[in-house]
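Okay, so here's the structure we're looking at.
Just so it is clear, the values below take in all heavy atoms, side chains as well, and ignore hydrogens, waters and symmetry mates. Chain letters run A, B, ... following the sequence lines, proteins first and then strands; every chain starts at 1.
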There are 2 protein chains.
Amino acid sequence: MGLNRAGFEVRHADSAEDAEGAIRLGVPDLILLDWMLPGQSGIDFARRLRRDQHFREVPIIMLTARGEEEDRVRGLDIGADDYLTKPFSPRELVARIRAVLRRTTPTAGDELVAVDGLQLDPVSHRVSADDTTINLGPTEFRLLHFLMTHPERVFTRGQLLDNVWGTNVYVEERTVDVHVRRLRKGLSTTGHDRLVQTVRGTGYRFSSKA
Amino acid sequence: MGLNRAGFEVRHADSAEDAEGAIRLGVPDLILLDWMLPGQSGIDFARRLRRDQHFREVPIIMLTARGEEEDRVRGLDIGADDYLTKPFSPRELVARIRAVLRRTTPTAGDELVAVDGLQLDPVSHRVSADDTTINLGPTEFRLLHFLMTHPERVFTRGQLLDNVWGTNVYVEERTVDVHVRRLRKGLSTTGHDRLVQTVRGTGYRFSSKA
DNA sequence: TTACAGTGTCACACGGTCGTAACAATTCTC
DNA sequence: GAGAATTGTTACGACCGTGTGACACTGTAA
């Protein structure tokens, strides 16, 4: 198919069952999924992937025979990132893979963030304020990390769910409130809870301004 | 094409030149671009858009005839967000548009507006005047945002209801008066309430002139 | 197994916000 | 100037959004 030649490492499976095994050997960067799989439909396979927290984030490109419009629409609804209609050329396939990877793998930042005496270090996975260590749960940590790296900006609960919990996850929006509450509680001992601000009718914002 | 029926506002152009004019009337949320344009190829048009800072962020979906694989590959390289191969159904088109908008909307209509020391930032959802933060209710915020982005122009109460409250909402016109009052109250501490002006017999206007 | 931390969801309470009516003030018309 | 039309201002009830505590569930480690 020319994928190896293009510099990708490829694992191949002939059925959904084989694929299951293959991806558990190591989370792939991207899944190329034929809509017509023997034994099990590709849509079920994709749906299952989206429910599994380990693979929820893995982008999916589906391959469809021409005319299967129903499947394509449903595929996009499920959260497939792109599709290709057969027949297609290796060159086009490579281009699409690059495009999808470009938008789904934003460079992860390991840099230390500090605002107003509050300090978060992704490397040591530690939060401290005025030389006091602050204990946060995993979700609160990711939430704070995201907010601190995107300050002075409102986010809706939906956006926070996408960015902190991950896309293709079904969680109530109000759950965000509860985690904001837990985050604030953790930050309250040093008064840094004021940095996490409510924007009524919209969502939340991280800001050092009053 | 069914786009209007799906709730989108559509502007149409038959050539790249017409399109140029159309988008300068107002930055669109998304551009649907046919690859085969009379006079100028779609790819050149797209490339030019990507270089223009006003339109760089606007997502592009391109429409290609089947078999024009060369173009599709180049289109993706340029940064088209998606493409559709003819023939396609209205339903699929709508699904794709929704998918693209879902990915890209966080960066739409968020430019900072500033007039005469008064400053409104949609991104951080914050209003400030002379370095003082001003607290406004959600409706007052939207009202001010609309007025500031359409300055020097009278709006009837009905127009304000349509644009700020939304169409198909039954609210008394006099309600606008009350919210204008609340807005003015918020702006009065810094004297910016003078920017919100009454036009007797018609409605209200935002203007820096006396 | 038990203990426990982490998570998601719900129910309730509180406060903010909204729309409306009523009255006061202003401006226009005659 | 009188009366009418228009707008400003205030108060109030209803409702919506958010904060908060409690609880059930899951997975993990002891």
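Minimum interatomic distance between L183(A) and E140(A) (heavy atoms only, all atoms of both residues): N-CG, 3.8 Å.
Between the side chain of R182(A) and the base of dG6(C), no donor-acceptor pair under 3.5 Å is found.
Atom CG of L160(B) and atom C1' of dT7(D) are 15 Å apart (whole Å). Atom CZ of R200(B) is separated from atom C1' of dA25(C) by 10 Å (rounded to the nearest Å). In this entry the distance linking CG of D177(B) with C1' of dT26(C) reads 13 Å, nearest Å. Atom-to-atom, CZ of F155(B) to C1' of dT7(D) comes out at 20 Å; the value is rounded to the nearest Å. Taking atom CZ on R174(B) and atom P on dA24(C), their separation rounds to 15 Å, with Å as the unit. In this structure, L143(B) atom CG and dC18(C) atom P are separated by 11 Å, rounded to whole Å. At whole-Å resolution of the value, CH2 in W165(B) and P in dT20(C) are 11 Å apart. Following rounding to the nearest Å, R157(A) (CZ) and dT18(D) (P) show an atom-to-atom distance of 4 Å.
Of the possible polar contacts, none joining the D130(A) side chain to the T132(A) backbone as a donor-acceptor pair under 3.5 Å is found. Formation of a donor-acceptor pair under 3.5 Å by the Q197(A) side chain with backbone atoms of K209(A) is found in this model. Side-chain atoms of R142(A) come within 3.5 Å of backbone atoms of V164(A) as a donor-acceptor pair (strictly under, hydrogens ignored).
Dashed line: the shortest gap from a side-chain N or O of R184(B) to OP1 or OP2 of dT9(D) is not under 4.0 Å. Taking side-chain N and O atoms only, T175(B) has a distance below 4.0 Å to OP1 or OP2 of dT20(C). For dG6(C), the OP1/OP2 oxygens have no side-chain nitrogen or oxygen of T139(A) closer than 4.0 Å. Dashed line: the shortest gap from a side-chain N or O of Y204(B) to OP1 or OP2 of dT6(D) is not under 4.0 Å.
Contact annotation for E140(A): backbone-only contact, meaning every heavy-atom pair under 4.0 Å involves sugar-phosphate atoms and none involves a base. No contact: V180(B) has no heavy atom under 4.0 Å from any strand.
Between R157(B) and D177(B) the shortest side-chain heavy-atom distance falls below 4.5 Å.
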